Amino acid sequence: MRVLGIETSCDETGIALYDSKAGLLANRVYSQAPIHSEFGGVIPELASRDHVKKILPLISLVLRDASLEKTDLNAISYTRGPGLAGALMVGAGVASSLAFALKIPALGIHHMEGHLLAPMLENNPPKFPFITLLVSGGHTQLVYAEAIGKYRIIGESRDDAAGEAFDKIAQLMGLGYPGGAEISRMAQSGNVTRFNFPRPMTDRPGFDFSFSGLKTHTKNLVLDNSESGGLPQPGTIADICAGLQEAIVDTLVVKSLRALESEGLSKLVIAGGVASNARLREKLNKATLDIGASVFYARPEFCTDNGAMIAYAGCQRLLAGESSSLSIAVKPRWPISQLSLLGA
Ligand code: KG4
Ligand code: ZN
């Protein structure tokens, strides 16, 4: 089965082609980051309008990359939610119209299920059951994944998501948007021990997270170290970035290992934009090795938003006989625990 995957939940237009036998045939992502960066965050209306402009040309490019025509498609999957309503409607509208015209099925996919399954696109994919740390701009969750569609949330952030914390803190330090990659880049030249950062909620039992205190802590550090009303020196910003990244990573590592231990599992999957963070990968590689467990993740471009994960997830569910009605009904809020078991 050959599936076109469409991702438009936020500020990336992601289009990919996945074939159940041959694997990934083509994948392109167009990032709107330059459009939103001057505002320090995503402006929903600008996001929708730009998806409208980019989606059809990107579909044509992806088909051309794979030397295929629209009539070679067997099905279309698209992100139905969670995400920005207007942005989701662009993808859902194009997917449903194309499916109608081509007389093929369309299927709406849960964005976070797409992230969770992205490591399946790599060699040596994880086998169920496993614990997934979903860390993106909108979510920080620990999920017990028993099978495709059978997910139990065992912990989540009570306030900001990890990626959101990176983005907001980057903005107050005058770094670019999105902030995670920028903080990670600055952290490379920073001194990780110069400033003390808390590891929120790690000294309490449970699997929930809270990153808003870390945000306030960093804001105060930035103010205390600012030069006559401006920002701190670049060297100080690098030290703040290093300490902050280490604190967020340590917090994620502690809770992930706790979840593995408590559920009696030895496989951890990390997914979502923050899973592309090199320090998080490095620390989890070591920490899981130390306890005889293993960690799985996709290449960085499949951790941030992309169409390949939506095409892959769609293909699995379409092969199991699922399809959606062609009416456009997106789900901007949609807990992953509400999904149904593959084919059920
Ligand atoms: O999954 P994603 O592309 O979009 C959402 O579904 O939200 O995740 C985007 C988030 C942003 O908050 C971004 O700052 C963060 O992932 N991110 C990173 C890195 N690359 C992207 N955070 C930390 N380190 C990175 N290298
Ligand atoms: Zn995402």
Side-chain angles (χ1 to χ4, degrees), residues 5-14 16 27 29-33 36-37 40-42 44 47 51 78-84 87-88 91 109-119 132-141 143 156-157 160-173 175-188 190 209 211 214-215 241-242 244-253 269-284 297-310 312-313 332-334 336:
I6 298 179
E7 156 62 38
T8 62
S9 66
C10 191
D11 60 344
E12 262 105 21
T13 316
N27 176 55
V29 177
Y30 172 80
S31 170
Q32 302 176 353
H36 303 291
S37 63
V42 178
H51 285 307
Y78 61 93
T79 305
R80 187 176 182 198
L84 304 171
L88 290 167
I109 290 294
H110 192 289
H111 180 76
M112 299 313 292
E113 176 172 73
H115 277 306
L116 187 150
L117 296 177
T132 310
L133 173 69
L134 286 175
V135 266
S136 68
H139 292 77
T140 297
Q141 293 180 323
V143 175
E156 59 191 327
S157 179
D160 292 353
E164 191 179 358
F166 272 119
D167 294 341
K168 287 179 176 168
I169 293 169
Q171 195 191 358
L172 68 91
M173 291 194 291
L175 302 172
Y177 172 84
E182 202 51 31
I183 287 184
S184 162
R185 195 180 59 76
M186 292 290 290
Q188 283 173 7
F209 303 89
F211 293 107
L214 210 45
K215 196 175 60 193
C241 287
L244 169 77
Q245 172 177 263
E246 203 71 6
I248 294 181
V249 165
D250 283 348
T251 306
L252 296 173
V253 171
V269 164
I270 57 169
V274 182
S276 59
N277 183 277
R279 187 69 180 141
L280 178 65
R281 290 165 175 240
E282 185 185 328
K283 284 206 132 176
L284 276 175
Y297 39 76
R299 71 195 77 167
E301 62 265 40
F302 292 166
C303 287
T304 44
D305 288 352
N306 65 86
M309 66 186 195
I310 302 304
Y312 176 83
R333 288 173 192 277
W334 189 10
I336 196 169

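In listed order, ligands and their atoms are each counted from 1. Residue numbers run from 1 in the order of the sequence given. Small disclaimer: the values here were computed from a predicted structure and weren't measured.
Here the closest heavy-atom approach between residue Gly114 and residue Ala313 is recorded as CA-CB, 4.4 Å. Residues Asp167 and Gly180 approach most closely at OD1-N, 3.6 Å, considering heavy atoms.
Proximity of His115 to ligand 1, defined as any heavy-atom pair under 4.0 Å, is confined to the side chain (atoms from C-beta onward). With a 4.0 Å heavy-atom cut-off, ligand 1 is reached by the backbone of Asn277 and by its side chain too.
Residue His111 approaches ligand 1 through these ligand atoms, each under 4.0 Å from one of its heavy atoms: 6 (O). Those atoms of ligand 1 with a heavy atom of Val274 less than 4.0 angstrom away are 15 (C), 16 (O), 18 (C), 22 (N). Heavy-atom contacts of Ser276 reach the following atoms of ligand 1: 19 (C), 20 (N), 25 (C), 26 (N) (cutoff under 4.0 Å). Residue Phe166 has at least one heavy-atom neighbour below 4.0 Å for each of these atoms of ligand 1: 22 (N), 23 (C).
Rounding to the nearest 0.5 angstrom, the gap separating the CD atom in Glu12 from the CG atom in Asn306 is 9.0 Å.
No side-chain donor from either of His139 and Glu156 sits under 3.5 Å from a side-chain acceptor of the other.
Residue Asp305 approaches the Zn ion (ligand 2) most closely through its N/O/S atom OD1.
At a threshold of 2.8 Å, the Zn ion (ligand 2) has a backbone or side-chain N, O or S atom of His111 nearer than that distance. The Zn ion (ligand 2) has an N, O or S atom of His115 under 2.8 Å away, backbone or side chain.
Ring geometry, Trp334 versus His110: the interplanar angle falls from 30° to 60°, so the pair is classed tilted. Between Phe209 and Phe211, the angle of the ring planes stays under 30°, which puts this pair in the parallel group of the 30/60° scheme.
A salt bridge between Glu164 and Lys215 is absent, with no side-chain N of the basic residue lying under 4.0 Å from a carboxylate O of the acidic one.
Closest protein heavy atom to atom 2 (P) of ligand 1: Asp305 OD1, 3.3 Å.
Within the structure, the closest approach of Gly179 to ligand 1 falls below 4.0 Å when heavy atoms are considered.
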